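Just so it is clear: chains get the letters A, B, ... in the order the sequence lines come, proteins before strands, and each one is counted from 1. No experiment lies behind these values; they were computed from the predicted model shown.
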Amino acid sequence: MPFAKAYICKRNTMSKGLPKRSEDYAAWYQELVKQADLAEHAPVKGCMIIKPYGFGIWEKMQRTLDDMFKETGHVNAYFPLFIPKSYLSKEAAHVEGFAKECAVVTHYRLKNSPDGKGVIVDPEARLEEELIVRPTSETIIWSAYRNWIQSYRDLPLLINQWANVVRWEMRTRLFLRTAEFLWQEGHTAHATKEEAIEETRRMLDVYARFAEEYMAMPVIKGVKSENERFAGAVDTYCIEALMQDGKALQAGTSHFLGQNFAKAFDVKFANKEGELDYVWGTSWGVSTRLMGALIMTHSDDKGLVLPPRLAPIQVVIVPIYHGDDELEAIQTYVQGIIEKLKRVGIKVHFDARDTHRPGFKFAEWELKGVPVRLAIGKRDMENNQVEVARRDTGEKHTAPVDGLTEHILDLLDDVQQSLFKRALAFREANTRKADSYEEFKEILEKHGGFILAHWDGTTETELRIKEETKATIRCIPLDAEEEEGKCIVTGKPSKRRVLFAKAY
RNA sequence: CGGGGCGUGGCGCAGCCCGGUUAGCGCACCUGCUUUGGGAGCAGGGGGUCGCAGGUUCGAAUCCUGCCGCCCCGACCA
């Protein structure tokens with residue numbers, strides 16, 4: 001089982017226990033990320049090292065999403081990390097949005113320091129045009145699309161790229177907000193507005209399906225208010241999830257770009273009638289932030305809790321033995337079990353380490369969130385059974401070795417479903433309606449969570465609420481019912497409730 | 001950018017006020033023996049330019065000056 005070995009042998013801290021979520025949620029999160037061996041801080045401020053176990057989860061996310069993108073007709077490509085400074089400024093709202101957090105490359109050479117200590121930037125080697133490290137790739141991609149698109153026959157253009165991007169953030173947190181992060185960004189071009197909007201919505205649905213079916217994380221699909229919209233978009237759609245501490249997390253966004261980038265980069269096509277028109281664009285992305293969402297949706301005071309569909313190790317087997325002979329006997333005995341589990345695609349790891357005792361291993365695999373644990377000792381072998389423990393509830397039972405594979409498949413499926421149901425129940429219990437500003441503030445202070453309230457649709461009101469309560473409009477839910485009401489702040493008429501929360 | 005905190009073996013810390021043996025503790029690591037159904041015990045062992053640069057002093061982890069870095073909490077953002 002060499003794949004699992006890399007996940008377990010490199011950890012450099014192993015303290016007993018985590019901070020309690022109820023006492024210090026931020027500390028719990030931070031410690032969990034480190035102790036479960038997902039990531040650590042890099043020497044560069046705001047950057048992180050994603051460790052093998054954390055990256056293993058990300059890889060599963062990537063693979064699943066990538067398949068979903070392919071199924072919906074997209075292909076992958078790769079565009080450069082560096083963007084000429086002039087490109088960024090071609091779309092007015094876009095620069096405006098990103099200018100404050102760009103890393104800029106100004107030189108291309110170092111030289112030995114005159115004092116003999118280390119190296120310095122060679123002042124002779126200044127770039128003629130400075131380069132921006134991409135905070136997102138719309139500009140460089142649309143500059144290429146200009147050459148790729150001439151006719152309606154070139155459309156739609158459905159491209160995705162997996163990449164790293166850099167946004168120089170003031171305040172960072174592992175996975176949730178880092179200066180450099182990994183993501184995918186889809187960039188599509190279409191002949192009609194309707195088709196582009198359809199694409200925007202389709203990819204939003206893909207994200208929602210991924211979040212719910214794989215991450216077991218319920219999300220609310222919605223549209224952003226003007227204030228929260230992506231810089232350069234006409235409309236920004238999003239999926240919003242609720243974390244265990246009652247704060248909202250934007251887990252993915254899909255933008256309808258209108259013709260904004262087409263106009264900025266002069267991307268025109270000839271339609272069937274031979275008339276020239278600007279193409280319609282979309283862009284959509286999810287990032288390693290999903291890791292943070294995953295952690296904060298399911299995990300508990302004992303550690304990580306992973307949904308089976310994204311767990312790098314789905315089943316761990318811990319032998320309980322006296323002496324080397326017994327260990328060997330168990331090892332032989334479980335071979336058959338392991339083979340069968342593998343054959344149906346279950347990722348299984350046999351923890352044969354003789355340097356740690358069972359109790360230690362139990363605690364460690366719980367910390368790492370492995371969904372199902374099997375323990376096998378002499379007694380079990382004699383009775384042809386194993387002890388089965390599920391991570392999400394902590395429940396243990398014994399199961400016969402005969403038919404174990406089917407039993408485990410069912411169990412993994414059950415864990416997956418239960419996690420989703422539990423998270424959904426939590427969200428429902430923490431989604432409340434407020435019909436006055438007083439009530440709104442009270443809910444926010446007492447419970448946090450999502451609040452559905454009427455809003456007059458103006459940025460002024462939105463900003464005032466944000467200023468006074470720290471809560472923001474997470475989205476206007478797509479499935480919001482038509483309901484006559486009055487804005488909780490101004491009393492002006494409103495046709496539907498919007499979703500508020502304090503957010504990450 | 002404001003406020004707070006911290007830099008001492010891999011990790012977490014003590015020591016610093018009040019300068020003075022060989023810089024200490026827990027975890028981790030290595031060796032051996034006994035252990036193994038919920039985070040093992042004993043014995044032995046290795047590992048440190050005390051963030052960096054100056055200064056004061058017979059003597060600096062400790063006092064002074066300057067610098068650097070990181071983390072946490074706020075204002076902005078996925």
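Proximity note for A:Q30 (side chain, C-beta onward) versus B:rG37, B:rG39, B:rC71: the nearest is B:rC71. Distances from the side chain of A:R357 to the nucleotides B:rG37, B:rG38, B:rC73 place B:rG37 closest. The side chain of A:F360 approaches B:rG39 more closely than any other nucleotide in the set B:rG39, B:rU36, B:rC71.
Pair assignment for B:rC50: none, as no Watson-Crick or G-U wobble contacts are both less than 3.5 Å. Taking a pair to require two hydrogen-bonding distances under 3.5 Å in either a Watson-Crick or a G-U wobble arrangement, B:rA75 remains unpaired. Here B:rA43 sits opposite B:rU31 as a Watson-Crick or G-U wobble pair (both hydrogen-bonding atom distances under 3.5 Å). Nucleotide B:rC25 is matched to B:rG12 when pairs are restricted to Watson-Crick or G-U wobble geometry with both distances under 3.5 angstrom. B:rG38 is unpaired under the criterion used here, namely a Watson-Crick or G-U wobble arrangement in which both key atom distances are under 3.5 Å. Base pairing annotation: B:rC6 forms a Watson-Crick or G-U wobble pair with B:rG69, both donor-acceptor distances under 3.5 Å. Within the shown strands, B:rG20 is the pairing partner of B:rC58 under the Watson-Crick or G-U definition, both distances less than 3.5 Å.
Judged by distance alone with a 3.5 Å cut-off, a donor-acceptor contact links the side chain of A:K396 to the base of B:rG38.
Atom pair A:H322:NE2 and B:rA40:P shows a separation of 15 Å (rounding to whole Å applied). A straight line from NZ of A:K34 to C1' of B:rG10 spans 14 Å, rounded to a whole angstrom. The distance between atom NZ of A:K378 and atom P of B:rU36, rounded to the nearest whole Å, is 12 Å. If you measure from atom CG of A:D354 to atom C1' of B:rU36, you get 11 Å, rounded to the nearest angstrom.
Ring orientation note: the planes of A:W58 and A:W162 are nearly perpendicular, at an angle over 60° on the 30°/60° scale. Ring planes of A:Y437 and A:F440: tilted class, angle from 30 to 60°. Using cut-offs of 30° and 60° for the angle between ring planes, the A:F181 and A:W183 rings count as perpendicular.
In summary, the side chains of A:S225 and A:E462 do present a donor paired with an acceptor at a separation below 3.5 Å, with no hydrogens or angles considered. Side-chain atoms of A:Y333 and A:N384 include a donor-acceptor pair closer than 3.5 Å.
Comparing the P positions of B:rU56 and B:rG4 gives a spacing of 32 Å, expressed to the nearest Å. Nucleotides B:rG45 and B:rG9 have their C1' atoms positioned 15 Å apart, rounded to a whole Å.
Under the side-chain hydrogen bond (donor to acceptor under 3.5 Å, both in side chains) test applied with A:H397, the options A:H407, A:E387, A:R390 reduce to a single match, A:H407.
In this model, the phosphate group of B:rC71 is approached by a side-chain N or O of A:H41 to a distance below 4.0 Å at OP1 or OP2.
Stacking of A:K90 on the aromatic ring of A:Y87 is recorded, both the 6.0 Å distance cut-off and the 45° axial limit being met. Because its NZ or CZ atom is both nearer than 6.0 Å to the ring centre of A:Y53 and within 45° of the ring axis, A:K368 counts as a cation-pi partner of that residue.
With RNA chain B read from its 5' end, the first of the two nearest nucleotides for A:K302 and A:A42 is the one closest to A:K302.
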Just the atom pairs and distances: protein N or O near nucleotides 74-78 of chain B's N or O, under 3.5 Å.
from	atom 1	to	atom 2	distance (Å)
B:rC77	O2	A:R177	NE	2.2
B:rC77	O2	A:R177	NH1	3.4
B:rC77	O2	A:R177	NH2	2.4
B:rC77	N3	A:R177	NE	3.4
B:rC77	N3	A:R177	NH1	3.0
B:rC77	N3	A:R177	NH2	2.7
B:rA78	O3'	A:Q250	OE1	3.4
B:rA78	O3'	A:Q250	NE2	2.1
B:rA78	O2'	A:R289	NE	3.2
B:rA78	O2'	A:R289	NH1	2.2
B:rA78	O2'	A:R289	NH2	3.2
B:rA78	N6	A:T178	N	3.4
B:rA78	N6	A:T178	O	2.6

